Amino acid sequence: MSEQTVFTVGEFVSVLNQTLEYAYPNVTVTGEVANFKISKNKWVYFDLKDETASVRFFGTTYQLPGPIEDGMLLVVRGVPKLHPLYGFSVTVQSMRPSGKGSIKKAAALLEAKLRAEGLFELERKRPLPYCPTNIALITSGESAAYHDFMKILNARWGGVHISHIDVQVQGEAAVDQIVNAIRQANELPTIPEMIILIRGGGSADDLQAFSTEQVTRAVAGSRVPTLVAIGHEIDISLAELAADVHASTPSNAAELMVPDRKAIMQQVQSRRQLLHRESVRIFQEAENSLVVKKERLLYSSSAVFSRAKEQLVLQSKILAAYNPDIILRRGYALVRRGESIVHTTNDISIGQAITIQLDDGTIDANVTDIKKKEKEL
Amino acid sequence: MPKKDEDYRTLSAELDMVISNLSKPDVAVDETVELYKKGMDLVARLEEHVKHAENTLEKIRLQFSEES
């Protein structure tokens, strides 16, 4: 028998851990969750198993991507270690659901949990500012989503100041980067009017970061209003549910954010025409009104003069009836003694000179006799 | 150009008052002459207002047509 190094148990544990640290400083393992439990609301214990083996994992609740149940498939990155007392386990560094079924299930569980907390309530939704001038855009600068968004934005409107925070939108680093980016956007020297979080289409795995508890809570907790558009999938991510507004695609996000300058110009043109038409109409009405008033002025004045004339005619006729010439023309005479008119036989005496005025002249005469009219009984 | 302190609405209301007074049955002939004279004066001033406003509107319309 060849000589082999004989270790004490403690030495063996140290040597094995050093070997592991050298050969496998961290490992990524996928498997089905079993015996999942949380201790003291802080420590997480579970096994990952397949048909042939099972490995113990240990982590913290902070690392959970959401609620986890036995039977879900997980991909876990961690540090393998042989604990001197508790045996072999992997200390979790990060974990995420894997496979469409597990991801969907994890999202469903998380959605139920966050919904119960009220994160998706309509009352929480804030209106987005109309036509903002300063925004924060969180997405990958190399992505099609970024280019689509910018293309639509510039075609529709201009002059928007964009603080672009470049992040990975899938993979392990995505969650932390997105969460940090949202915090960074809320702490910019000039606070933006809104935060736009976008990514283009992809598999359930690719979009998973946007249905994690960390990203969802970061969107819900943002002081700056959020507009989120993730992928082209029919299913909405949890981040979109938590956002103040969600758009169907990154292009749609640009359409919701700013108006279309062509449509606005058309509106301005048609209002300009309406303004001109209404002004012309008002002036026309004013002119027509003045014409009518002028006619009424003339008519009313003419009516007064007509009435006055009619009255004059009537008065003249009445006056004419009192004209002494008409009486004389009928054969009557006017008798005077000097300047005074003789009204009665008592006004004159026999022998006095009188003047008799007829229609065609006067007669000078002397009174030779006076005969009084007999009084009627 | 209409006077600065002359308001179209006030002048129009004044003209309506003159017409209303002329329509009264007991208005005297002398008063009629004065009222008619006043009414025609108001019409002339109102026409000046409308004309001035139309000209100003046309200038503004041309100005903005040139700029666009």
Side-chain angles (χ1 to χ4, degrees), chain A residues 131 154-159 258-320, chain B:
Chain A
C131 207
N154 290 327
R156 287 173 70 88
W157 207 251
V258 293
D260 179 10
R261 65 161 76 86
K262 285 191 204 114
I264 296 289
M265 281 311 293
Q266 271 172 4
Q267 276 180 23
V268 168
Q269 281 303 330
S270 81
R271 281 183 186 173
R272 184 177 168 173
Q273 285 163 5
L274 182 65
L275 182 70
H276 181 71
R277 275 204 307 276
E278 284 300 301
S279 307
V280 167
R281 181 187 64 78
I282 288 167
F283 285 129
Q284 195 60 53
E285 279 179 6
E287 281 173 358
N288 292 345
S289 169
L290 273 178
V291 165
V292 167
K293 285 182 184 180
K294 212 167 153 182
E295 282 173 10
R296 278 188 63 194
L297 192 67
L298 188 62
Y299 177 79
S300 298
S301 311
S302 302
V304 172
F305 291 133
S306 295
R307 281 201 301 276
K309 277 188 200 166
E310 279 170 17
Q311 195 173 18
L312 261 177
V313 163
L314 191 62
Q315 284 167 333
S316 297
K317 280 187 180 160
I318 295 170
L319 200 62
Chain B
M1 187 143 150
K3 290 182 192 160
K4 267 192 179 171
D5 55 351
E6 280 188 352
D7 175 59
Y8 183 90
R9 196 170 285 190
T10 307
L11 290 175
S12 184
E14 237 182 289
L15 178 59
D16 285 336
M17 184 66 76
V18 164
I19 294 171
S20 170
N21 286 338
L22 274 172
S23 308
K24 287 179 183 165
D26 56 348
V27 63
V29 170
D30 293 341
E31 199 184 345
T32 300
V33 171
E34 286 307 311
L35 284 171
Y36 182 77
K37 190 173 157 196
K38 183 176 178 182
M40 287 306 288
D41 178 59
L42 285 166
V43 165
R45 282 148 76 186
L46 282 163
E47 281 175 342
E48 200 184 336
H49 261 283
V50 172
K51 197 72 203 161
H52 177 71
E54 273 182 319
N55 289 340
T56 307
L57 187 81
E58 185 59 20
K59 275 185 203 162
I60 294 168
R61 191 187 69 78
L62 285 171
Q63 178 194 340
F64 281 98
S65 296
E66 281 161 15
E67 283 174 7
S68 59

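Bear in mind that the values here come from a model prediction, so they are computed numbers and not experimental data.
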Would you indicate whether the side-chain heavy atoms of [Y] and [X] approach each other to under 4.5 Å?
X        : Y        : answer
A:Lys293 : B:Ser12  : yes
A:Leu298 : B:Tyr36  : yes
B:Leu15  : A:Leu297 : yes

Next item on the list: Measure A:Leu290 against the heavy atoms of chain B and call it side chain, backbone, both or neither at under 4.5 Å.
Entry: side chain
Note to self: Which atoms of A:Ala286 are under 4.5 Å from chain B, going by heavy atoms: the side chain, the backbone, both sets, or neither?
What the structure shows: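 Contact with chain B is through both the backbone and side chain of A:Ala286.
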If you look at every heavy atom in [X] and [Y], which pair is closest and at what distance?
X       : Y        : value
B:Val43 : A:Lys294 : CG1-CD, 3.6 Å
B:Leu22 : A:Ser300 : CB-CB, 3.6 Å
B:Ile19 : A:Arg296 : CG2-NH2, 3.3 Å

Notebook entry, point to check: How many angstroms lie between CZ in A:Arg307 and CG in B:Asp26, if you round to the nearest 0.5 Å?
Noted result: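 That separation rounds to 9.0 Å.
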Next item on the list: Hey, could you give me the OG/CD distance between A:Ser279 and B:Glu58, rounded to the nearest 0.5 Å?
Entry: 11.0 Å
Side chain, backbone, both or neither: which part of [X] has an atom under 4.5 Å from a heavy atom of chain A?
X       : answer
B:Leu46 : both
B:Asp16 : side chain
B:Lys51 : neither

Notebook entry, point to check: Has A:Arg271 got more than 12 heavy atoms of other residues, nucleotides or ligands less than 6.0 Å from its CZ?
Noted result: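 Atom CZ in A:Arg271 is not packed in, count stays at 12 or less.
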